[in-house]
Structures are given as C-alpha cells and as structure tokens.
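Remarks on the structure that follows.
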Amino acid sequence: MSGEKRKKINSVIIFSVLAFALFILVIFDFLHKETVTTEKYTVAMGTVVTQKILSDKEENAVCDEIASLIDSLENRISRHKESSEIYLLNKNNTVSLSGELGDILKRSQEIYNLSVGAFDITVGKLTSLWNIGQENADVPSQKEIDKALPFVDGSKVRIEGEKAFTKKGQAVDLGAVGKGLACDEIREYLEKTDISGAVISVGGSILLYGENNGGKWNVGIRDPNGESGDYMGTLTLESCCISTSGDYERVLRKDGKTYHHILDPKTGYPAQSGLKSVTIVCENGFLSDALSTACFVLGLEKGRELLEKENAEAVFITDENEIFVTDGLKNCFSLTSDAYNLAGE
Ligand code: AMP
Ligand code: MG
C-alpha cells in the first residue's frame, strides 16, 4: 500500500472514532440532563390549582400562561361573570353563540341523555337556592325546592344555528364540567411547548401530561373519610384526565346534618346514591368531569352501566367503604388504607 493511501485510511479511522465519541457524548448528555420541576399554586374557579411542570429548565412563564388560561376560561364560562355568554343566556334565555359555548352545550346534552338526566346543567336555580360552598349557603324549604324543580330540565336547552335557547326562568350552571374543560385547554397549550411532563390539578380534576421522567404518574385518591391530603389508594397512570366527585368537597352543616354540593335533579336535594366518591379516568377532561358528577348521582350500578357506553374507567367508593374498580384500572389501582375493602378481593 502506498504511503498516501495509508495516510487516507488512518485519517478516516481517526475521524470515525472522533465522530463516534462525539455521538456517545451527545447521547450521554441527553440522557443525563437534570429534570427541573417548576411548581405554582393559585386559586381559580373557586378552587386551588396546583401545577407541577417537568422540563430541563425552570418554566415559570409556562406556569403563568397556564394560570391565565384558567382565569380566561373562568371568565368565559362562569355564570357569575357578566362578560360570559352563559351569564347572558341565563339573563335572557337566549344568546348568540361562539363556537366554544355551543360545543359545551351540545356535549352536555349528550351526557344529560346518556345519564337519563342525572347530569343536568340546568340545575342552576337549585344550586342558587343551596349555595353550598358560599357564605350564604342554607337549606331551602321544600316549597322553594318545589318551585325550582320545573326549571331543571336539560331537554329544554335548544341550539338553533348560531343561537342557544333555554326555557324561560332556567339557569345553566357549568360547575360540573369547568375544571375538566380547563384540563383540556391546558393540554392543548402544553402540546405546543416542549414540556416533557406535567401534573396540573384544578380542584377535583387532574391533567396528567406526558411522562414522569420517562415513566408513569402516581396519583392519590382522596380518602373521603379523612382530611384533605389523606389518600386511600393510588392510581399509576400514563397521560390522561382524572376527575373526582365526592360528598366531602363542598359541604353545609346545619342542625346536625351535612349537605354536599352534588344535587339530584329529580329531588332537588344532595344526591344520596350510596356513594362517597367516584373517580373517573379517561382521555378527555370535559368527559371525566361530566361523568364523575353523573356517576355520583346515579350510584354504583347505573354509573357502571353509563361507563360501559363511554371509553372511561372508574374507582367507586361506597358509603360502606367498599371500593369498586372497573376492569381497565384493576392493574393500576393500589389500596393503601385498611379502612376500605376492595370488592372482589
Ligand atoms: P363536580 O364537583 O364536578 O361533581 O361538580 C359539582 C358542581 O356541579 C356543583 O357545585 C354544581 O355547580 C353543579 N352540579 C350539581 N349537581 C349537578 C348535577 N346533577 N348535574 C350537573 N351539574 C351539577
Ligand atoms: Mg364533575
């Protein structure tokens, strides 16, 4: 071999070794990039919002953007905000629709129909009578409830073209889906960023986004018999939405009785279906939130029948401290409290 040719081969070998070393270094650096967790706590939609963002750097601007997304959604869908279309709908029993509200009303009607009226956004007149969670909460008289009940009828919400109509005197309350809708908006926003993972909890609805350092997320299910922060079990899940409706969330105590905020549209009183809480897991926040309220009102058997029609899973906790877990969550759920019995074990 000529000296010239050997020189050429040597330099090709040296170049390849260097390129390979550089490649290994880049991979090593990529794998060992420290994950930074940015946290933020705010209050919105009448509840606490907690954000945990995983990234390779501090993400305060992302947290601020998420907080303002939730505020903006609240301004658009709260019936108490005079700027909202829902406020105008309740005031005039008709409103010109933006695409967003029309969509929410249509999807709510689907769950109203599927749940045979257990989930009904026209509970507004009743929720205003009880005001549970507000300073002026009180137990209404039977007469007041009887007067309000005829206005609770989701079948009277009509959408015609660009307009929505309700029955005169009806009041729409989107409290059962607002937090889930917030989770959906936040997910859409995060998809436009390079955030690798996030857990955002908006009251009883939680968004699990992306990966937890390459793995799954562990989420505690609140112990309905305990204090806030007490858990009775955990779910190990990939990205999804989780919503819980429970009898401990907002309560009114009067004359030795405790009343909670999820109302049975048929009776006008807090639902008594034999459940302390229902936790729904599915891909969509609106759906998980709507189904958790619906299943809480329906109770275990009818709730499970409803879930069979939707692509959603659940953990039910009964008044007798029995836990029922739907098939799709059986391998994801761990009971951590011995105050409860796992059905079928
Ligand atoms: P959640 O905590 O998601 O179950 O939602 C409860 C909230 O939804 C209440 O505070 C009311 O604003 C509203 N609500 C109560 N009962 C119902 C019901 N049966 N259907 C729809 N919304 C309801
Ligand atoms: Mg709900």
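Just follow the structure's listing: the first ligand is 1, and inside any ligand the first atom is 1. When a residue number appears, it is its place in the shown sequence, counting from 1. Below, all heavy atoms of this structure are taken into account, side chains as well, without hydrogens, waters or symmetry copies.
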Kindly say whether Pro150 contributes a backbone atom to a donor-acceptor pair with the side chain of Lys167 at under 3.5 angstrom?
-> yes
Min heavy-atom dist Pro265 to ligand 1 below 4.0 Å | yes
Which residue holds the protein heavy atom closest to atom 1 (P) of ligand 1, what is that atom called, and what is the gap in Å?
-> Thr293 OG1, 3.3 Å
When you measure from atom 12 (O) of ligand 1 to every protein heavy atom, which one gives the shortest distance, and what is it?
-> Asp173 OD2, 2.8 Å
For a side-chain contact (heavy atoms from CB on, under 4.5 Å) with Ile121, tell me which candidate from Leu105, Ile104, Ile86 qualifies.
-> Leu105
Gln170 vs Asn90, side-chain contact (heavy atoms from CB on, under 4.5 Å): CA-CA, chis, key distance, verdict = CA-CA 7 Å; Gln170 265 190 329; Asn90 288 344; over 6 Å; no
Are a donor atom and an acceptor atom from the side chains of Ser288 and Ser243 found within less than 3.5 Å of each other?
-> yes
What atoms in ligand 1 come closer than 4.0 Å to a heavy atom of Ala118?
-> 18 (C), 19 (N), 20 (N)
With a 4.0 Å cut-off on heavy atoms, is Ala290 touching ligand 1?
-> no
Distance under 6.0 Å and angle within 45° of ring axis: Arg79 vs Tyr87 = no
Can you pull the salt bridge (Lys or Arg N to Asp or Glu O under 4.0 Å) pairs that have at least one residue in residues 101-119, sequence neighbours excluded?
-> Asp103-Arg107
Tell me: protein heavy atom nearest atom 23 (C) of ligand 1, and distance?
-> Val123 CG2, 3.6 Å
If every non-hydrogen atom of Asp138 is compared with every non-hydrogen atom of Leu252, which pair is closest and at what distance?
-> C-CD2, 3.6 Å
Checking only N/O/S atoms, does Ala176 have one that is under 2.8 Å from the Mg ion (ligand 2)?
-> yes
Residue that, paired with Asn218, satisfies side chain to side chain donor-acceptor pair (under 3.5 Å) out of Thr236, Thr234, Asn212 | Thr236
The closest protein heavy-atom partner of atom 16 (N) of ligand 1 is Leu263 N, 3.0 Å
Are Phe296 and ligand 1 in contact, using a heavy-atom cut-off of under 4.0 Å?
-> no
So which heavy atom in the protein is nearest atom 8 (O) of ligand 1, and how far is it from that ligand atom?
-> Ala176 N, 3.1 Å
Would you please classify the geometry between the Tyr259 ring and the Trp130 ring as parallel, tilted or perpendicular, with 30° and 60° separating the classes?
-> tilted
Top protein contact for atom 3 (O) of ligand 1, by heavy-atom distance | Asp289 OD1, 3.0 Å
Of all the atoms in ligand 1, which lie at a distance below 4.0 Å from a heavy atom belonging to Glu249?
-> 2 (O)
For ligand 1, which atoms have a heavy atom of Phe119 less than 4.0 angstrom away?
-> 20 (N), 21 (C)
Top protein contact for atom 15 (C) of ligand 1, by heavy-atom distance | His261 O, 3.4 Å
Polar contact flag, side-chain donor to acceptor under 3.5 angstrom, Ser55-Glu59 | yes
Compute the angle centred on the Mg ion (ligand 2) spanning OD1 of Asp289 and OG1 of Thr293, and express it rounded to 10 degrees.
-> 170°
Below 3.5 angstrom, do we get any N/O pair linking Arg250 and ligand 1?
-> no
When you look for heavy atoms under 4.0 Å from ligand 1, do you find them on the side chain of Asp120, its backbone, both, or neither?
-> backbone
Is it the case that more than 12 heavy atoms not belonging to Lys40 sit under 6.0 Å from its NZ atom?
-> yes
Ser243 contact mode with ligand 1 (heavy-atom cut-off under 4.0 Å) | neither
